Amino acid sequence: MAHTRHQTMRRVLRREIAGTIGLLTDEHDFTAMRRYRTFTFDDHTTYLQQVEALLRTLASQGSHTTVALFDPEEYAEFCAETGLEPDAPTSRTRFTAELAATGPSLPYQGQPLDDLVPELVDEAVRQATWQYATTLLASIGACASCGEDIGRAAFLRASDLLTRILDTAGPGERHMVCSVSATPEPLVAALWADEKPDGTIHLDETEALEFTTILAVGIATQSAGGLVVRASAPDTPDRVYGWRLRGEGLKPLTAGEVFDAYCTDIESGDLVSPESGVDYCAPSDLGDTGTLRGGHAH
C-alpha cells in the first residue's frame with residue numbers, strides 16, 4: 001500500500017516539474033550532431049517525429065515543456081569552456097538547461113511542430129537582432145565634444161519618440177514595425193500595443209525594449225530606416241501611417257508615400273492592389289521632439 005502511494009506521489013510531483021527539450025530545427029544542424037557517437041538518430045525527419053511524439057506524451061501527462069533552439073556550434077563552445085565531454089548525453093542535458101535560461105525558447109502548447117519550428121527560428125532571429133543592436137549601441141562610445149554617451153542618449157531619444165507615437169495613436173490595436181539599414185542585414189523589430197478606451201496601453205515590455213533599441217541604433221548612427229504603424233479599431237477602417245528616419249528624429253511620410261510603400265512588391269517593384277478597407281494616411285503630429293542634447297548623434 002505504501003509503495004503504491006509513493007508511486008502516486010511521484011506522478012503528482014512529475015507534473016510539477018518543468019522540462020526543456022533542445023531541438024535541432026534544420027538538417028544542417030542535425031548532420032553536425034551526428035558526428036557524436038552517443039547521438040543515435042540518423043534521420044532528421046524521424047527525429048522530429050519522435051520529438052513531437054514525446055512533447056505530446058509529456059503534455060498529456062500534465063507536464064510543462066519548453067522547446068529551445070539547439071545550436072551545435074554553441075554546444076561545442078559550451079563544452080570547451082566548461083571542460084565537458086561533448087560526446088555525452090549528460091553534456092547535452094547541461095547545455096539544454098543553460099538554453100532554458102539564456103537561449104531562444106518557446107513553451108509547447110500542443111501546436112504542431114511544423115508551426116512551432118518557424119516560431120522558434122523567428123524567436124532566435126529576434127533575440128540575436130536585439131543582442132547585436134545592444135552591442136552596437138554600447139560600442140559607439142562618447143561624444144568627442146561633450147563626453148556624453150551617444151548610445152544612451154539615442155536610447156532615451158528613441159524612448160521619447162515611442163512614447164509620443166503611442167500617446168497620439170488613440171484607442172485600438174497598433175502593430176508597429178521599425179527597420180534600420182545595417183550591415184550585413186537590416187535590423188527589424190515589431191511591437192504590438194493595445195490602447196483601451198480609458199487610455200491605458202498594454203504592450204509586451206520585452207518587445208518594447210527591443211523596438212526602442214533598434215530605433216535608437218538608427219538615431220545614433222543616423223542610418224536610413226523607417227517606422228510604420230497599422231492601427232485597428234472596431235467599426236473603422238485600418239489606418240496605415242509612418243515616418244522615415246531622418247537624422248536624430250522622424251520625418252512624417254505623406255499618404256502617397258505610405259500607399260506607394262504598401263502597394264509595391266518589395267522584390268519585383270511591381271504595383272500590387274491596395275487592401276480593401278485600409279486608409280493609407282499621414283501620421284499625427286508628434287509635437288516638438290527636439291534633438292539629442294548637444295546635437296551629436298553620429
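Here the structure is a predicted model, which is why all the values come from computation and not from measurement.
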Kindly determine whether R239 and V278 satisfy side chain to side chain contact (heavy atoms under 4.5 Å, CB included), including the steps that lead there. CA-CA 6 Å; R239 293 184 301 115; V278 175; over 6 Å; no
Side chain to side chain contact (heavy atoms under 4.5 Å, CB included), that's the test. Do Q49 and T45 meet it? Break it down for me. CA-CA 6 Å; Q49 292 171 346; T45 300; 3.8 Å; yes
Applying side chain to side chain contact (heavy atoms under 4.5 Å, CB included), run through W130 and T135 and close with a yes or a no. CA-CA 9 Å; W130 177 70; T135 302; over 6 Å; no
The test is side chain to side chain contact (heavy atoms under 4.5 Å, CB included); show your working for Q61 and L58 and say whether it passes. CA-CA 5 Å; Q61 296 172 349; L58 292 172; 4.2 Å; yes
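Residues T221 and V217 come closest through the heavy atom pair OG1-O, 2.6 Å. Residue G242 comes nearest to P283 through the heavy atom pair O-CG, 3.5 Å, listed as atom of the first residue, atom of the second, then distance. For Y108 against A59, the heavy-atom pair with the smallest separation is CE2-CB, 3.9 Å. Residues Q127 and T102 share a closest heavy-atom pair of OE1-O, 3.2 Å. Across all non-hydrogen atoms, the minimal contact from F211 to A190 is CD1-C, 4.0 Å. Nearest heavy-atom pair across L120 and S105 is CD1-CA, 3.8 Å.
In this structure, I21 CD1 and T66 OG1 are separated by 9.5 Å, a value rounded to the nearest 0.5 Å. To the nearest 0.5 angstrom, L116 atom CG is 4.5 Å from Q111 atom CD. Interatomic distance, CD1 of I219 versus CG of D160, reported as 9.0 Å (0.5 Å rounding). A distance of 11.0 Å separates SG of C281 from CG of L253, quoted to the nearest 0.5 Å. One distance of note links CZ of R174 with OG of S232; it measures 7.5 Å at 0.5 Å rounding. Atom SG of C79 is separated from atom CD of E74 by 12.0 Å, given to the nearest 0.5 angstrom.
Within the 4.5 Å cutoff, no side-chain heavy atoms of I214 are placed close to those of V188. When side chains are defined from C-beta on, L84 counts as touching F78, because their heavy atoms get closer than 4.5 Å. Looking only at side-chain heavy atoms (C-beta outward), K251 and L245 stay at 4.5 Å or farther from each other. Between L215 and L250 the shortest side-chain heavy-atom distance falls below 4.5 Å. Between I165 and L227, the closest side-chain pair of non-hydrogen atoms falls below 4.5 Å. Looking at T20 and T96, their side chains come closer than 4.5 Å, going by heavy atoms from C-beta outward. Side chains of F70 and L99 form a contact here, defined as non-hydrogen atoms less than 4.5 Å apart. A heavy-atom distance below 4.5 Å is found between the side chains of V228 and V240.
In this pair, Y280 and F259 present their aromatic rings perpendicular. The plane angle is above 60°, beyond the 30 to 60° band.
Counted within 6.0 Å of NE2 on H28, heavy atoms from surrounding residues, nucleotides or ligands total 12 or fewer; the atom is thus considered open. Heavy atoms of other residues, nucleotides or ligands lying less than 6.0 angstrom from CD of E85 number more than 12. Shown here is R230, whose CZ atom has more than 12 heavy atoms of other residues, nucleotides or ligands within 6.0 Å. Around atom CH2 of W243, more than 12 heavy atoms belonging to other residues, nucleotides or ligands sit under 6.0 Å away. Other residues, nucleotides and ligands contribute over 12 non-hydrogen atoms within 6.0 Å of the CG atom of D115.
A salt bridge does not link E98 to R94: none of the charged side-chain nitrogens sits closer than 4.0 Å to a carboxylate oxygen.
With hydrogens and angles ignored, the 3.5 Å screen pairs no side-chain donor or acceptor of D279 with any backbone N or O of P237. Distance alone, capped at 3.5 Å, places no donor-acceptor pair between the E257 side chain and the A255 backbone. Between the E207 side chain and the W192 main chain, a donor and an acceptor come within less than 3.5 Å of each other. Counting only distance, with no hydrogens or angles, the side chain of R244 and the backbone of G226 share no donor-acceptor pair below 3.5 Å. For Y47 (side chain) and D42 (main-chain N/O), no donor-acceptor pair under 3.5 Å exists by modelled atom type. For the pair E52 (side chain) and L113 (backbone), a donor-acceptor distance under 3.5 Å is present. For the pair S181 (side chain) and S223 (backbone), a donor-acceptor distance under 3.5 Å is absent.
Grouping the Ile, Leu, Val, Met, Phe, Trp and Tyr side chains by contacts below 4.5 angstrom, directly or via other members, places V180 with Y132. Each of M176 and V125 belongs to its own hydrophobic cluster when Ile, Leu, Val, Met, Phe, Trp and Tyr are linked at side-chain heavy-atom distances under 4.5 angstrom. In the hydrophobic clustering of ILVMFWY residues, with side-chain heavy atoms under 4.5 Å counting as a link, V51 and L106 come out together. When hydrophobic clusters are built by joining Ile, Leu, Val, Met, Phe, Trp and Tyr residues whose side-chain heavy atoms come closer than 4.5 Å, directly or via intermediates, V229 is grouped together with L203. Note: the hydrophobic cluster containing L24 also contains L48 (ILVMFWY, side chain heavy atoms under 4.5 Å, direct or indirect links).
With ring centers used as reference points, F41 lies 6.0 Å or more from F30.
Judged by distance alone, the side chains of S63 and T65 never bring a donor and an acceptor atom under 3.5 Å apart. Checked by atom type, the side-chain pair R92/T38 shows a donor-acceptor distance below 3.5 Å.
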